Amino acid sequence: MSDIIRLLPDSVANQIAAGEVVQRPAAVIKELVENSVDAGATIIKIIVKDAGRTLLQVVDNGCGMSPTDARLAFERHATSKISNPADLFDLHTMGFRGEALAAISATSRVELRTMRKDDTVGTCVIIEGSKVESQEPDVCAPGCNLMVKNLFFNQPARRKFLKSDHVEMNHILREFERMALVNPGIEFQLVHNDVVLHQLLGSSFKRRIVDLFGKSIDKQLVPVDTETSIVKISGFVSRPENARKRGALQYLMVNGRNMRHPYFHKAVMHCYEQLIPADEQPCYFINLTVDPGTIDVNIHPTKNEIKFENEQPIWQILVAAIKEGLGKFNAVPSIDFDVEDAPEIPVFNPDADASHGLDLDSSYNPFATKGSTGTGSGGGSTVCRPSSLSMNQDWDKLYQDFERKRDEELSNIKASALNSMNFDEIGEEEVPEMDFSSGFEATVPATMQLKGRYILSPSKSGLTVVDQNRAHVRILYDRYLDLARLEALSSQRVIFPEVLELSPSQSVFLEGIVDELTALGFDISFLGDNSWTVNGLPSVLNDVNPRELMMSMLETVMDTGETLGESMRERIALSMAKSAAIKPGQQLSSAEMDHILSDLFKLATPNYTPDGKLVLSVITTDDIARLFA
């Protein structure tokens, strides 16, 4: 029997490696931009067509390459960044593995034009599917101009599983934002289908944040800055009142490299535990600078996962730095004592008269009645005559306040007892008489509210617990979706138009769905400089915050990339329902609870929200019995 183990050809090995390094067009942008940064570029231009399917091009003014280096750069594990194992623990460059260009050239057609600054002529290398087609001298500008065409042309399955252009472009924008944030001193330009999406000049870190995400974020940022022997921390966090339910901007960087680190993310969230609701998250842009020898970036080919030697100390320093920053800028609420009408407390003086100027009658006896006598210290009989309190006390009047407060407490006990009761069937029952000094009887409604979040309703099988927010979302979703399926919805103008300050990427996406929003009854217009105004909302919406609704729908479109059509209408209807639904913690009357339950159980699928979250649960009588077993 012949041997069966054999070495794979380089072209096949490169395609296998490409699956880890190049998952989508955004990964190509990341690798090429990192190479440009390592080459010392101060200007980087990124050109994209059809969300990267047709063309991904990165042009820089870096150091360029010689003809030999230009050819050798596409070999697997060929790199100028390291030369021995010790270099892995003293990295000062973005790339070092020597896999990116080999993986990219294995799955696309690559054209590289490059020239060093001191050379008079450059070189042009063309590679397709790991095969070098040509290398010739070429007249070009100093630096590198690398074009990646027809990504995954030789891997139909990979190309087929690329998402829509909206989704892929959103990933490219997110990757561009990360690269631009970590390199604020570099000038960046991003062009998609001949439209300039970003034009960023070299600037400070805060200026780069504002340029990327809009002017509105400027006043939301609180600086964080500290330096120890272990780590230097700098950056910004958002004020608690600017926390977001969706689309929070959260960026962690170490030594000029983006990273994902759940442990440090948890540290940031720990600082906001008592400051923001549980369903909201803060924005943060945090740079960590540590000794390269204390981190390991060689964990994953994408180099986004980083292992720290001093994780726990950095956690404590990070928490202290953020809390200090929030405290300095009054982002943490302080205790505010009301001193109006408060009595002045004098400084203690042991030699001062204890009477403090009060006219005291030493013969006053508060227990003596009119005409009674008492024995003084000298043994003589004296009459107690108080100077300011009448001798004729009306003791019944003294008890009036006591009786009133007692009645209030009894009412509170009664309400608490009613709220803690369970019921066996729908309807009204007479509550047994309970003795609280004076007895009372009450009638309990069929539905009750718990903690301002849940509706409790007794049923034949036990107790039905309904999440009031999710139930209302479920009800409104079906209502809005039926209306959205019509050709157009009527619009109702708002009294005060809402101005939205968006980032360039958000503005581009909003522009793409304006027609669909207009058909749904929205009236929005472009003001220029990535600013939009909301002039009208669908007439079916009541008591809705226009800003929250628009931002929620915009984030939905950017996250999912859905184009116009039924699916888009479903997602917009869900966003509208979530924005208009009653909020957790909102107190409801018995009639309101009954109305929600009635509408909910009329639906064909009342058990789950459109996005799959549980709406109601039944605690059976057997479950209750087991609690007392």
Side-chain angles (χ1 to χ4, degrees), residues 164-167 169-170 173 192 195 197 213-217 242 244-249 280 469-470 472-583 609-611:
S164 66
D165 284 1
H166 275 295
V167 173
M169 194 59 208
N170 187 42
L173 284 165
H192 180 229
V195 177
L197 302 183
F213 304 111
K215 294 180 291 185
S216 61
I217 200 172
N242 299 120
R244 304 182 180 187
K245 291 186 177 180
R246 297 190 60 186
L249 305 171
E280 294 184 359
N469 171 259
R470 295 180 182 179
H472 204 206
V473 168
R474 175 74 257 185
I475 295 167
L476 294 179
Y477 170 79
D478 285 17
R479 187 180 304 167
Y480 293 157
L481 184 58
D482 289 341
L483 293 171
R485 283 170 176 159
L486 301 175
E487 292 185 0
L489 298 177
S490 59
S491 177
Q492 181 177 353
R493 294 189 66 84
V494 296
I495 299 176
F496 302 105
E498 187 79 31
V499 177
L500 304 178
E501 298 287 349
L502 305 179
S503 67
S505 56
Q506 290 175 325
S507 183
V508 169
F509 274 90
L510 182 57
E511 185 178 0
I513 61 171
V514 166
D515 293 339
E516 181 72 13
L517 293 175
T518 301
L520 291 172
F522 290 89
D523 181 3
I524 59 177
S525 56
F526 183 60
L527 299 179
D529 194 22
N530 300 318
S531 296
W532 296 74
T533 178
V534 182
N535 304 311
L537 296 174
S539 57
V540 297
L541 298 180
N542 296 315
D543 300 327
V544 174
N545 186 310
R547 172 182 292 276
E548 291 183 2
L549 177 60
M550 290 300 301
M551 296 305 297
S552 174
M553 290 194 299
L554 185 57
E555 290 295 335
T556 298
V557 175
M558 294 185 69
D559 290 343
T560 62
E562 294 290 348
T563 56
L564 306 182
E566 180 65 16
S567 180
M568 176 68 175
R569 292 177 180 272
E570 291 175 357
R571 295 186 183 278
I572 289 180
L574 178 58
S575 295
M576 292 166 60
K578 287 182 176 181
S579 297
I582 56 176
K583 301 297 185 282
T609 62
D611 51 352

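Computed from heavy atoms alone, side chains included, the values below leave out hydrogens, waters and symmetry copies. Because the structure is predicted, anything quoted here is derived from the model rather than measured.
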In terms of heavy-atom contacts, Ala581 and His472 come closest through CA-ND1, 3.4 Å
Non-hydrogen atoms of Ser216 and Glu501 that approach each other most closely:
OG-O, 3.7 Å
Walk me through it: do Gln506 and Phe213 pass the test side-chain contact (heavy atoms from CB on, under 4.5 Å)?
CA-CA 9 Å; Gln506 290 175 325; Phe213 304 111; over 6 Å; no
Could you tell me which non-hydrogen atom of Val534 sits nearest to which non-hydrogen atom of Val494, and how far apart they are?
O-CG2, 3.6 Å
Please assess Phe522 against Leu537 for the test side-chain contact (heavy atoms from CB on, under 4.5 Å), listing each intermediate value before the final yes or no.
CA-CA 5 Å; Phe522 290 89; Leu537 296 174; 3.7 Å; yes
On a heavy-atom basis, which atom in Ala577 and which in Tyr477 lie closest, and how many Å separate them?
CB-N, 3.6 Å
Within this structure, what is the CG-CG distance for the pair Leu476 and Leu574, rounded to the nearest 0.5 Å?
10.5 Å
Heavy-atom closest contact (Lys578 atom, Lys583 atom, distance):
O-NZ, 4.0 Å
Inter-residue atom distance Ile217.CD1 - Asn242.CG, 0.5 Å rounding:
8.5 Å
What is the minimum heavy-atom distance between Val499 and Arg547, and which atoms define it?
O-NH2, 2.6 Å
Show, in sequence, the C-alpha distance, side-chain angles and deciding distance for Met169 and Leu197, and conclude whether the side-chain contact (heavy atoms from CB on, under 4.5 Å) test is met.
CA-CA 11 Å; Met169 194 59 208; Leu197 302 183; 3.6 Å; yes
Enter the distance from Arg474:CZ to Asp611:CG here, rounded to the nearest 0.5 Å.
9.5 Å
Here the gap from Ser531 atom OG to Leu502 atom CG, rounded to the nearest 0.5 Å, amounts to 7.5 Å
Stepwise side-chain contact (heavy atoms from CB on, under 4.5 Å) check, Lys215 with Asn530:
CA-CA 10 Å; Lys215 294 180 291 185; Asn530 300 318; over 6 Å; no
Rounding to 0.5 Å, atoms CD1 (Ile582) and CG (Asn469) come to a distance of 7.0 Å
Once rounded to the nearest 0.5 Å, what's the spacing between atom CG of Leu249 and atom OG of Ser503?
8.0 Å
